[in-house]
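Heavy-atom basis, side chains included; hydrogens, waters and symmetry copies ignored.
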Amino acid sequence: MSASSGAIDYPVLRTEDGACTMAHDINDCTIDPGPVRPYPRGARLSLAAGAAHRGALDGGWWPRSRDARAELPELAATLVEHLGRVTHLAVDPYRWERIPADITIAGRRVKVGRFPGLGHMVAVIRGRMDTFLLLVVPPEAARACAQAALSESATGTASERPDRILAACDISTAPATTATTR
């Protein structure tokens with residue numbers, strides 16, 4: 001992780017129009033991932049420095065599956081380590097399977113809301129008027145593409161919509177066809 005930004009730094013080569021350039025091809029992803037760095041134990045997460053709420057997004061998360069019951073506890077536990085207490089998480093029910101009503105992290109209950117329209121974002125609520133928005137990189141994304149999207153979402157100034165960040169990193173924004181509101 002970068003000491004200055006709090007985000008995992010992955011070099012990305014881009015053309016003048018902002019598109020990723022070809023350094024080497026990984027599953028049709030045209031990104032140079034630089035040296036491979038393992039993710040820290042826990043959620044594959046990048047956060048903007050100081051969580052300053054300067055951009056549309058405050059970071060990104062790359063879950064391993066679309067199973068909310070399996071993925072959200074790891075995300076919440078990692079967020080608690082970095083941000084302190086988390087009271088609520090909100091996800092788009094059309095993009096997730098098995099969404100629990102709540103989860104327990106460090107002995108505290110974290111409510112989980114279902115908000116259609118969040119799309120490729122998860123809302124993290126710490127308290128009154130303290131909401132973080134994280135880009136959700138689809139679990140099936142190629143590693144180099146996902147790393148580029150995580151890096152872009154954690155700049156703290158990312159003003160692009162999540163679907164545009166994903167598209168710029170060659171990640172499909174099509175809705176999951178298997179997600180249900182169970």
- [ ] Mark yes or no for whether Arg126, through its side chain, and Arg85, through its backbone, hold a donor-acceptor pair below 3.5 Å.
- [x] no
- [ ] Determine yes or no for a side-chain-to-main-chain donor-acceptor pair under 3.5 angstrom, with Trp62 supplying the side chain and Gln147 the backbone.
- [x] no
Open item on the list: Using the rule given for salt bridge (charged side-chain N to carboxylate O under 4.0 Å, His left out), can you reason through Arg66 versus Glu140, listing the C-alpha separation, both sets of side-chain angles and the distance that settles it, and then say yes or no?
Closed with: CA-CA 9 Å; Arg66 293 184 185 276; Glu140 60 275 3; 2.7 Å; yes
Open item on the list: Checking side chain to side chain contact (heavy atoms under 4.5 Å, CB included) between Val86 and each of Leu79, Thr78, Asp130, which is the one that passes?
Closed with: Leu79
TODO: Using a strict cut-off of less than 4.0 Å between a Lys/Arg side-chain nitrogen and an Asp/Glu carboxylate oxygen, indicate whether Arg64 and Glu74 qualify as a salt bridge.
DONE: yes
Task: Heavy-atom pair of closest approach, residues Gly119 and Asp92 - done: N-OD2, 2.9 Å
Open item on the list: What I want to find out is whether Lys111 reaches Asp102 closely enough, with some N-O distance under 4.0 Å, to be called a salt bridge.
Closed with: no
Task: Under 3.5 Å donor-acceptor, Arg114 side chain and Ile99 backbone - done: yes
Task: Straight-line distance of His120 NE2 to Ser172 OG, nearest 0.5 Å - done: 7.0 Å
Task: Partner residues of Ile105 under the side-chain contact (heavy atoms from CB on, under 4.5 Å) criterion, sequence neighbours left out - done: Pro73, Ala76, Ala77, Val80, Ile103, Val110
TODO: With salt bridge (charged side-chain N to carboxylate O under 4.0 Å, His left out) as the test, would you mind laying out the steps for Glu97 and Arg69 before giving the verdict?
DONE: CA-CA 8 Å; Glu97 299 171 354; Arg69 188 177 309 270; over 6 Å; no
TODO: To the nearest 0.5 angstrom, please state how far the CG atom of Leu57 sits from the OG atom of Ser46.
DONE: 9.5 Å
Open item on the list: Just so I know, are the side chains of Pro116 and Pro93 near enough to count as touching, which here means a heavy-atom distance under 4.5 Å?
Closed with: yes
- [ ] First locate atom CD1 of Ile171, then atom CD1 of Ile165, and finally report the distance between them rounded to the nearest 0.5 Å.
- [x] 10.0 Å
Task: Under 3.5 Å donor-acceptor, Glu71 side chain and Pro63 backbone - done: no
- [ ] Keeping the roles fixed (side chain from Thr131, backbone from Ile125), state whether a donor-acceptor pair exists under 3.5 Å.
- [x] no
Open item on the list: Can you tell me how far apart CG (Leu45) and CG (Leu135) are? Round to the nearest 0.5 Å.
Closed with: 11.0 Å
